[in-house]
Each structure stands twice: as structure tokens, then as C-alpha cells.
Amino acid sequence: MTDPVTLNTLAGGRAIGDFDEKRAESAIRELLIAVGEDPDREGLRETPARVARAYREILGGLRQDPEDVLTTTFDLGHDEMVLVKDIEIVSLCEHHLLPFHGVAHIGYIPAETGKITGLSKLARLVDVFARRPQVQERLTTQVADSLMRILEARGAIVVIEAEHMCMSVRGIRKPGAKTTTSAVRGQLRDSTTRAEAMSLILAR
Ligand SMILES: Nc1nc2c(ncn2[C@@H]2O[C@H](COP(=O)(O)OP(=O)(O)OP(=O)(O)O)[C@@H](O)[C@H]2O)c(=O)[nH]1
Ligand SMILES: [Zn+2]
């Protein structure tokens with residue numbers, strides 16, 4: 001079973017290895033041949049290597065652990081919600097390997113100890129999970145679950161609004177359609193607190 005939070009193991013318990021750039025290059029070369037192109041023509045000669053490097057970067061989150069991102073914590077004794085809005089995200093839909101992009105809003109109520117993290121770390125956290133083959137729902141819950149587990153937050157709320165290229169450039173071809181997903185945990189599940197958080201998130 002793949003660990004739903006860290007994704008540090010693949011099905012069958014195999015550890016995720018390093019990115020195999022040579023293998024990725026030959027796969028892209030094969031794809032070019034499959035679509036009827038000549039991978040040896042001048043404009044395409046460097047393409048397999050370029051695409052392999054691009055995937056190494058775009059899927060870099062497979063080799064990152066969320067625990068390593070939420071390392072900087074301060075004890076400020078702050079016990080109200082902290083919310084960072086409009087964090088730009090780009091991820092890769094695991095069904096079509098096409099990007100989906102939009103914004104994430106991340107809020108949490110710190111642990112009773114007052115353990116909080118740096119604001120930029122919330123943006124780093126969503127990137128760790130976004131830079132993996134994903135579905136929007138899983139990306140949303142992985143961020144919320146990490147805040148609860150690693151920061152021992154009393155509550156967490158994550159809302160992601162995104163447009164999926166697989167819905168705009170192919171298939172149904174509906175550019176502009178936005179998907180909103182949310183994950184709410186702990187004390188933020190309480191209806192008053194949740195409504196307050198949602199109104200802050202939706203306020204423009
Ligand atoms: N729930 C969810 N669905 C997604 C996400 N990204 C892509 N999809 C959907 O995954 C589905 C895959 O459906 P399939 O019928 O297997 O594939 P398809 O024939 O390419 O589907 P169409 O996109 O309808 O042409 C599509 O409906 C996509 O819109 C996501 O993040 N969450
Ligand atoms: Zn898709």
C-alpha cells in the first residue's frame with residue numbers, strides 16, 4: 001500500500017528511487033516515434049533530454065519528505081488560526097500527466113504548546129505534494145493531514161481552486177472551468193469556526 005501522506009514507498013513496499021534520467025529520455029524518444037515524429041531531426045534531437053530534466057523538476061516532490069519542510073517551528077503561544085491565502089500551485093494530474101494550476105489557501109490552529117511554523121513553509125509544504133502525480137482531492141487532504149500530524153495542529157483547513165489542462169486543452173475542452181476542493185480537520189470542523197475560516201478564505 002502506498003503511504004497516503006508521505007508517498008515514500010511505492011506499491012509492494014519498494015522505496016522510491018532516484019529519478020532515472022536515461023530511462024525517461026528513452027521513453028520520450030519512443031513517444032516521439034509513436035506519434036510519427038523523427039526524434040533525430042534537428043529540432044527534436046535535444047528534446048528527450050530536455051523533457052527528462054523538466055519531469056525531474058516537475059515531479060521533484062516524489063523525492064521530498066514533508067517532515068523536512070516543516071522543520072522550522074517557533075513557540076509563540078499563538079492559539080488562533082494562521083491563514084495563508086492565494087498560494088500559486090502547479091501540479092500534474094495523474095490521469096493524463098497534464099498540469100493543473102491554481103491557488104491553495106492553507107489555515108491551521110496551532111498546537112496547545114503554541115508550536116507554529118514559518119509562513120513560507122506552508123507554501124513549501126503544498127509544493128512537496130503538488131510536485132507529484134496527483135489528483136486535486138488527494139493533494140488537498142495530504143496538506144491538511146501533514147499539518148495535523150507534523151505540527152500537531154488543533155485544526156487545519158485547506159482549500160484548493162484549480163483549472164485542469166486535461167479539461168481545457170483536450171477531451172471536454174472547457175477552458176476556465178475551476179474545481180474547488182477542501183479538507184477540514186480537528187477543531188476547524190466545528191461549524192462556527194469552519195464558517196469563520198471559510199469567510200476569511202473567500203473574502204477578496
Ligand atoms: N476527481 C478528479 N478527477 C480528475 C482529476 N484530474 C483529472 N480528473 C478526471 O479524471 C477522469 C479520467 O476519466 P477517464 O474516463 O478514465 O479518462 P478520459 O477518457 O481521458 O476522460 P475525459 O477527460 O472525460 O475525456 C476525467 O474525468 C478527468 O476530468 C482530479 O484531480 N480529481
Ligand atoms: Zn487529467
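Here the structure is a predicted model, which is why all the values come from computation and not from measurement. Order of appearance sets the numbers: ligands from 1, and atoms from 1 within every ligand.
Of the candidates Arg170, His164, His95, Met167, it is His95 that places a heavy atom closest to atom 4 (C) of ligand 1. The option from Gln136, Glu137, Lys174, His96 that lies nearest to atom 2 (C) of ligand 1, judged by heavy atoms, is Glu137.
Atom numbering of ligand 1 starts at 1 in the shown order; those under 4.0 Å from a heavy atom of Cys166 are 7 (C).
Under the 4.5 Å side-chain heavy-atom criterion for grouping Ile, Leu, Val, Met, Phe, Trp and Tyr, Val158 is connected to Val128 within one hydrophobic cluster.
Ionic pairing of Asp86 and Arg204 is present here: one or more N-O contacts between side-chain nitrogen and carboxylate oxygen are shorter than 4.0 angstrom. Taking a cutoff of 4.0 Å between a charged side-chain nitrogen and a carboxylate oxygen, Glu21 and Arg53 do not qualify as a salt bridge. Ion pair Glu94/Arg132 not flagged as a salt bridge, since none of the NZ, NE, NH1 or NH2 atoms sits closer than 4.0 Å to an Asp/Glu carboxylate oxygen. Under the 4.0 Å criterion applied to side-chain N and carboxylate O atoms, Arg45 and Asp40 are not assigned as salt-bridge partners.
Residue Gln134 places no heavy atom under 4.0 Å from ligand 1.
Within 6.0 Å of atom CD1 in Ile172, 12 or fewer heavy atoms from other residues, nucleotides or ligands are found, so the atom counts as exposed in its surroundings.
Residues Ser168 and Glu163 form a side-chain contact, since some pair of their non-hydrogen atoms from C-beta on lies under 4.5 Å apart.
Taking a distance limit of 4.0 Å, we find that atom 24 (O) of ligand 1 is approached by no protein heavy atom. Distance check on atom 8 (N) of ligand 1: some protein heavy atom falls below the 4.0 Å cut-off. Shown here, atom 14 (P) of ligand 1 is out of close reach of the protein: none of its heavy atoms lies under 4.0 Å off. There is no protein heavy atom less than 4.0 angstrom from atom 19 (O) of ligand 1.
Of all N, O or S atoms in His96, the one lying closest to the Zn ion (ligand 2) is ND1.
Angle SG (Cys93) to the Zn ion (ligand 2) to SG (Cys166): 130°, rounded to 10°.
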